[in-house]
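Have a look at the structure below before the remarks.
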Amino acid sequence: MLEISARLEEALNRAFIKVFPKEARNSKTSSILTGSHLVPASKPEFGDFQINCALSLAKEIKQPPRDIAQQIADQLQKDNDFVKICNPPHIAGPGFINLSVNSKTLISEIHFRLNDKRLGVPLKKFSSEKKIEEGKNNNRVIIDFSSPNIAKEMHVGHLRSTIIGDSLARVLEFCGYEVLRLNHVGDWGTQFGMLITHLKEVVPEALHTKDIVEISDLVNFYRQAKKRFDEDQIFQNKSRSEVVNLQAGKQESLLAWQLLCKQSRKEFQKIYDRLDINLTERGESFYNKFLVDVINDLKSKNLLIKDQGAQCIFLDGVVGKDGKPQPIIIQKSDGGFNYATTDLAAIKYRLTTPPHGDGAFRLIYVTDAGQASHFSGVFQIAKLANWIPTDCQIEHVPFGLVQGEDGKKLKTRSGETIRLVDLLDEAIQRAREDLKDRLKTENRSENESFIDKVSTTVGIAAIKYADLSQNRVSNYQFSFDKMLSLQGNTAPYLLYALVRIAGISRNGGDLNVSSQNIQFNEPQEWTLIRKLLQLDCAIAEVEKELLPNRLCGYLFELSQIFNRFYDQVPILKASEPERTSRLALCSITANTLKLGMSLLGIPTLERM
RNA sequence: GGGGCUGUAGCUCAGUUGGAUAGAGCGACGGUUUCCUAAACCGUAGGUCGUGGGUUCGAGUCCCGCCAGCCCCGCCA
C-alpha cells in the first residue's frame, strides 16, 4: 500500500494546485496543503485512506469544509492516475474525504505478491557513488545490544536488549541497510583484578597454558572471588596490583583475562544459539587504545575542566542532589577511565570513516531506560566535540523493566536475579506440558522428537513475542501463563494460524498458485486482502520508530482476520475459480506471517 | 532537590505527523462443530483516557500546573 499511497498523495497535490492555485502559493495555506493529509482510514468502513485537510483549510480559505472537500473530490475524479486506483471519493462527516482502492488495483497487487519474495516491501537503494566519495557506507547502521558482562551469567536483565536489538537488526537488514550488530560486552574494568588473582590461586596452570582449563561454573567462581575480595585485605591488595598488571599488558595477566573471556563467551553463545541471535563481539577493551585520544581531543577543544582531580565536563542543566552542577567524569582522579570515556571512544570510532573506524551513519543503542541520562550526556559531549557529522543519527532506544506479576522487578522467590537459561527452560517445559495435555484430550499420539521440536519452538517464540509485542518504553509484566496462552495476542495464536494453512496444504490445497484467474466476492476475502497489502506500512513503521510491537500488532490483526476468513469461508470445498483464489490468499497469508515472524526472530511450525 | 519514564475497561495492554461513536486480548456472561487442527469463530456487558487549566473548528495525542508509581543523578557499568 505504500506505493499506492504515494501515488494518491501525488494526485492529491495535483488537485490542490488546480483547485486552490492562489492558496498553494500563499505561505500560510501552502504549509497546510503541502503537509501530508492522506492517512490510512481510521476505520475499515471509511475505506482505505482518508483526507483530513478540508477541515484545517476551512478557516484560512473562508469556505465551509464540506464545500472544500467536494471541490477536491471533484478534481481528483478528473485525475487519470487517481481514477485508475480508486473508487469515487466520499465526503463524510464534517469534511472528511474517504477513499477506497478499487478491486482491480487490489487484485493486481495480490497477483504481484504471489510472485514476489519480498511481498511488496521495497528494498532501499543507496547510491554507490556517495559511498566511494566519502569513503564510507552511507547505509551502514550499528546496533549496540545485549552486552552482558564477562564472568557473569546472562540474566533476565539482558533479555529485552537482546530480543529487541535482534529484531530491529533483522528489520533494518531486510529494509536494505548494512547492519553491524555489536555486542559491547563488559570485558574490562577493576573486577578483573580479583578474578585473575582468584584464578591464579585456584587454577595456576591457566596462566601458562592455553586452552586446557575449564571453569565449569563461572558464576560460582565470580562469587568466590567477590567473597574473598570483600573479606580478605591481602587478597584485595593483590587484586589491585593485578589490575595494574593487566593494564600494563603483562603476559600472564593477559592470558588469564583471555581465558575468562573465552569461557564466558562460550556460555553466552549457548544462549545466543538457543535464541538464534547473531552478534559480533566487540567489548569495552577494544576501545582502550583510543581512550587517550578521546581525552586529548576533548582537551584540545577546551571542553574539559579539572575538578577535585578528575577531568570533567559540565553540561547545562545537569544538576546533582545538592542542586550544584554535576560533572560527567571523563578521567578519574587516579588517571583511570570510566564508562563515559569508553562510550565516547566508541561513538567516535563507529562514526569515523574506515579504515580508522566503522563509518556508520546511524548508531542505535538498545539499553534500559535507566541509562537515558547517561546516554543523553554522552551524546551531548560527542556533539560538542563535533564528532557527529550532520547526516548521521545517534539514538538511545530505551526499554522498561521486566516485572513479575506482582508489578515489582522480576526476581526468584528467594529474591535472587533470574538466570536467562532458567527462564528459557521453564517456558519450554511449560509449553511441553501444555502440548502433552492437549495430545491427551485430543487423543493424538506424537513421537518424542515432535514434542521436543514443538515445545522448544513454542516456548522460545512465546518469550520473544511477549516481549516484542509490548511497546518497549513501558515496563513489561512477565507472565508464563499469558505468553503461552493459546488465545489473544500471543506467539501460539500466530503460530496456529500458520498451522491451519499448512493443514490446508496437507489436505490437498496447492499453495503454489500462479493462475491469472482469481476473483473475490466475499467481504472476508476483501478484508484479508487489504490487511495483506499493509505489510509494507507495518515494516516501514518499525524502521522509522524502532518499535517492534507495531509489527506484532499487524501480525496479530492479520491472524485474526485470517481466522475469521478460515472459519466463515470454505476453501478446499469451494468450486473454481473461488478455490484457487482462496488458496492464493492462504499462500500470501502464510508467507506474510512467516516473513513477519522471521523479522521478529521467531521460528514457525507446520504442525503443533 | 534536579532529570527521565509511566498513568486509558476488573486485569494486561494498543492507540501511527491532533480528526469521525477511544480499540484489542484476558477474565465474566451467552451462542457456534455431519466441514480444511474448536489452540478457532460469533455475540453481550464493561471508560469522567490520573487531575485542573490552556491552545484548536476538533485533544487520549500538543503546552503549563498538580497528584501517584517506577527509574537515574561524582570518580561502578
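Just so it is clear: chains get the letters A, B, ... in the order the sequence lines come, proteins before strands, and each one is counted from 1.
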Check your understanding: Under 4.0 angstrom, heavy atoms only, what part of the nucleic acid is Ala92(A) near: base, sugar-phosphate, or nothing?
Key -> base
**Study point:** Separation of the C1' atoms in G58(B) and U6(B), to the nearest angstrom
**Key:** 27 Å
Practice item. Would you check if the side chain of Asp48(A) reaches a backbone N or O of Ala41(A) as a donor-acceptor pair within less than 3.5 Å? Key: no
Exercise for review: Return the nearest nucleotide to the side chain of Val319(A); candidates are G2(B), G74(B), A77(B).
Suggested key: G2(B)
Check your understanding: Per the atom types in the model, does the base of A14(B) pair as donor or acceptor with the side chain of Gln470(A) at under 3.5 Å?
Key -> no
Check your understanding: C49(B) pairs with which nucleotide, Watson-Crick or G-U wobble, both distances below 3.5 Å?
Key -> none
Exercise for review: Check every strand shown and say whether Ser42(A) touches a base, only sugar-phosphate, or nothing at a heavy-atom separation below 4.0 Å.
Suggested key: base
Exercise for review: Give Ala310(A) one of three labels, base, sugar-phosphate or nothing, depending on what nucleic acid heavy atoms sit under 4.0 Å from its own.
Suggested key: base
**Study point:** Proximal nucleotide (of A77(B), A40(B), U37(B)) relative to the Val499(A) side chain
**Key:** U37(B)
Check your understanding: Just checking Tyr493(A): base, sugar-phosphate only, or nothing, at a heavy-atom cut-off of under 4.0 Å?
Key -> sugar-phosphate
Review point. Is Pro492(A) touching bases, backbone alone, or none of the nucleic acid, heavy atoms closer than 4.0 Å?
Key: nothing
Review point. Quick one: is G15(B) close enough that its OP1 or OP2 comes under 4.0 Å of any side-chain N or O from Arg550(A)?
Key: yes
Practice item. Would you indicate whether Asp316(A), at its atom CG, is surrounded by more than 12 heavy atoms from other residues, nucleotides or ligands within a distance under 6.0 Å? Key: no
Review point. For Gln568(A) and Ala372(A), take the nucleotide of RNA chain B holding the closest heavy atom to each; which residue's nucleotide lies nearer the 5' end?
Key: Ala372(A)
Review point. What nucleotide, of A24(B), G74(B), C36(B), holds the atom closest to the side chain of Ile329(A)?
Key: G74(B)
**Study point:** U12(B) OP1/OP2 closer than 4.0 Å to side-chain N/O of Thr490(A)
**Key:** no
Review point. According to a strict under-4.0 Å criterion, is Arg506(A) in side-chain N/O contact with OP1 or OP2 of C36(B)?
Key: no
Point to revise | For G1(B), the Watson-Crick or wobble partner whose two distances fall under 3.5 Å | key: C73(B)
Exercise for review: Would you mind classifying the nucleic acid contact of Val569(A) as base, sugar-phosphate or nothing, using non-hydrogen atoms under 4.0 angstrom?
Suggested key: base
Exercise for review: State the pairing partner of C41(B); accept Watson-Crick or G-U wobble contacts with both distances under 3.5 Å, and report none otherwise.
Suggested key: G31(B)
Check your understanding: Touch check for Gln477(A), heavy atoms < 4.0 angstrom, all strands: base, sugar-phosphate only, or nothing?
Key -> sugar-phosphate
Review point. Between Lys332(A) and C76(B), is there a side-chain N or O to OP1/OP2 distance below 4.0 Å?
Key: yes
Check your understanding: With centres under 5.5 Å and planes under 30° as the test, does Phe96(A) stack with A20(B)?
Key -> yes
Exercise for review: For Lys482(A), answer base if it contacts any base atom (sugar-phosphate contacts may also be present), sugar-phosphate if it contacts only those atoms, and nothing otherwise; contact means non-hydrogen atoms under 4.0 Å.
Suggested key: sugar-phosphate
Review point. For Asn563(A), which contact category applies under a 4.0 Å heavy-atom criterion: base, sugar-phosphate, or nothing?
Key: sugar-phosphate
Practice item. Taking Glu522(A) for its side chain and Val569(A) for its backbone only, find out whether a donor-acceptor pair lies under 3.5 Å. Key: no
Check your understanding: Side chain of Leu55(A): nearest nucleotide among C42(B), G23(B), C57(B)?
Key -> C57(B)
Exercise for review: Determine: side-chain N/O of Asn507(A) to OP1/OP2 of U37(B), distance under 4.0 Å, yes or no.
Suggested key: yes
Check your understanding: Between Ser587(A) and Leu583(A), is there a donor-acceptor pair closer than 3.5 Å when you use the side chain of the first and the backbone of the second?
Key -> no
Check your understanding: Between G52(B) and C76(B), how far is it from one C1' atom to the other, in whole Å?
Key -> 43 Å
**Study point:** Main-chain N/O of Gly400(A) paired to Arg160(A) side chain as donor or acceptor, under 3.5 Å
**Key:** yes
Exercise for review: May I ask you to verify whether the side chain of Tyr339(A) and the base of A77(B) hold a donor-acceptor pair under 3.5 Å?
Suggested key: yes
Study note, to complete from the structure: Any strand, both distances under 3.5 Å, Watson-Crick or G-U wobble: U61(B) pairs with none
Review point. At under 4.0 Å between heavy atoms, what does Asn549(A) touch on the DNA or RNA strands: base, sugar-phosphate, or nothing?
Key: sugar-phosphate
Check your understanding: Parallel, tilted or perpendicular: which fits the ring planes of Phe379(A) and Phe375(A), with parallel below 30° and perpendicular above 60°?
Key -> tilted
Review point. With sugar-phosphate meaning primed atoms plus P, OP1 and OP2, does Asn98(A) contact a base, only sugar-phosphate, or nothing at under 4.0 Å between heavy atoms?
Key: base
Check your understanding: For atom P, what is the distance between G2(B) and C66(B), given to the nearest Å?
Key -> 10 Å
Check your understanding: Within the pair Arg500(A) and A38(B), is there a side-chain N or O less than 4.0 Å away from OP1 or OP2?
Key -> yes
Point to revise | His90(A) atom NE2, over 12 foreign heavy atoms within 6.0 Å | key: no
Check your understanding: Mind checking the C1' distance from G7(B) to U51(B)? Whole angstroms is fine.
Key -> 11 Å
Practice item. Compare the ring of Phe46(A) with the six-membered ring in the base of A20(B) and state whether they stack (centres under 5.5 Å, planes under 30°). Key: yes
Study note, to complete from the structure: The nucleotide from C75(B), G23(B), C36(B) with an atom nearest the side chain of Lys43(A) is G23(B)
Check your understanding: Which is true for Asp322(A) with a 4.0 Å heavy-atom rule: it touches a base, it touches only sugar-phosphate, or it touches nothing?
Key -> nothing
Exercise for review: Measure from the side-chain N and O atoms of Asn507(A) to the backbone N and O of Gly503(A), and report whether any donor-acceptor pair falls under 3.5 Å.
Suggested key: yes
Practice item. Would you indicate what Gly186(A) reaches in the nucleic acid, counting non-hydrogen atoms under 4.0 angstrom: base, sugar-phosphate, or nothing? Key: nothing
Exercise for review: Ignoring backbone atoms, establish whether Asn475(A) has a side-chain N or O less than 4.0 Å from OP1 or OP2 of C5(B).
Suggested key: no
Review point. Can you say whether the rings of His184(A) and Tyr287(A) are parallel (under 30°), tilted (30 to 60°) or perpendicular (over 60°)?
Key: tilted
Review point. Looking at Gln560(A), does any N or O in its side chain come under 4.0 Å of the phosphate oxygens OP1/OP2 on A24(B)?
Key: no
Review point. If the P atom of C26(B) is compared with that of C62(B), how far apart are they to the nearest Å?
Key: 30 Å
Exercise for review: Indicate, with a heavy-atom threshold strictly under 4.0 Å, whether Val473(A) touches base, sugar-phosphate, or nothing.
Suggested key: sugar-phosphate
Check your understanding: In the structure shown, which nucleotide is the Watson-Crick or G-U wobble counterpart of A20(B), with both distances under 3.5 Å?
Key -> none
Exercise for review: With P as the reference atom in both, quote the distance from C57(B) to A14(B) in angstrom, rounded to an integer.
Suggested key: 33 Å
**Study point:** From A77(B), G74(B), C26(B), nucleotide with atom closest to Cys312(A) side chain
**Key:** G74(B)
Study note, to complete from the structure: Closest to the 5' end of RNA chain B, once Glu442(A) and Gln371(A) are matched to their nearest nucleotides, is Glu442(A)
Exercise for review: Kindly point out which of G19(B), A39(B), A38(B) is positioned nearest to the side chain of Asn52(A)?
Suggested key: G19(B)
Check your understanding: For Tyr496(A) and A38(B), is the shortest distance between a side-chain N/O and OP1 or OP2 below 4.0 Å?
Key -> yes
Review point. Any donor-acceptor pair under 3.5 Å joining the side chain of Asp307(A) to the base of G74(B)?
Key: yes
Check your understanding: Just checking, is any N or O donor in the side chain of Ser474(A) or Asn471(A) under 3.5 Å from an acceptor N or O on the other one?
Key -> no
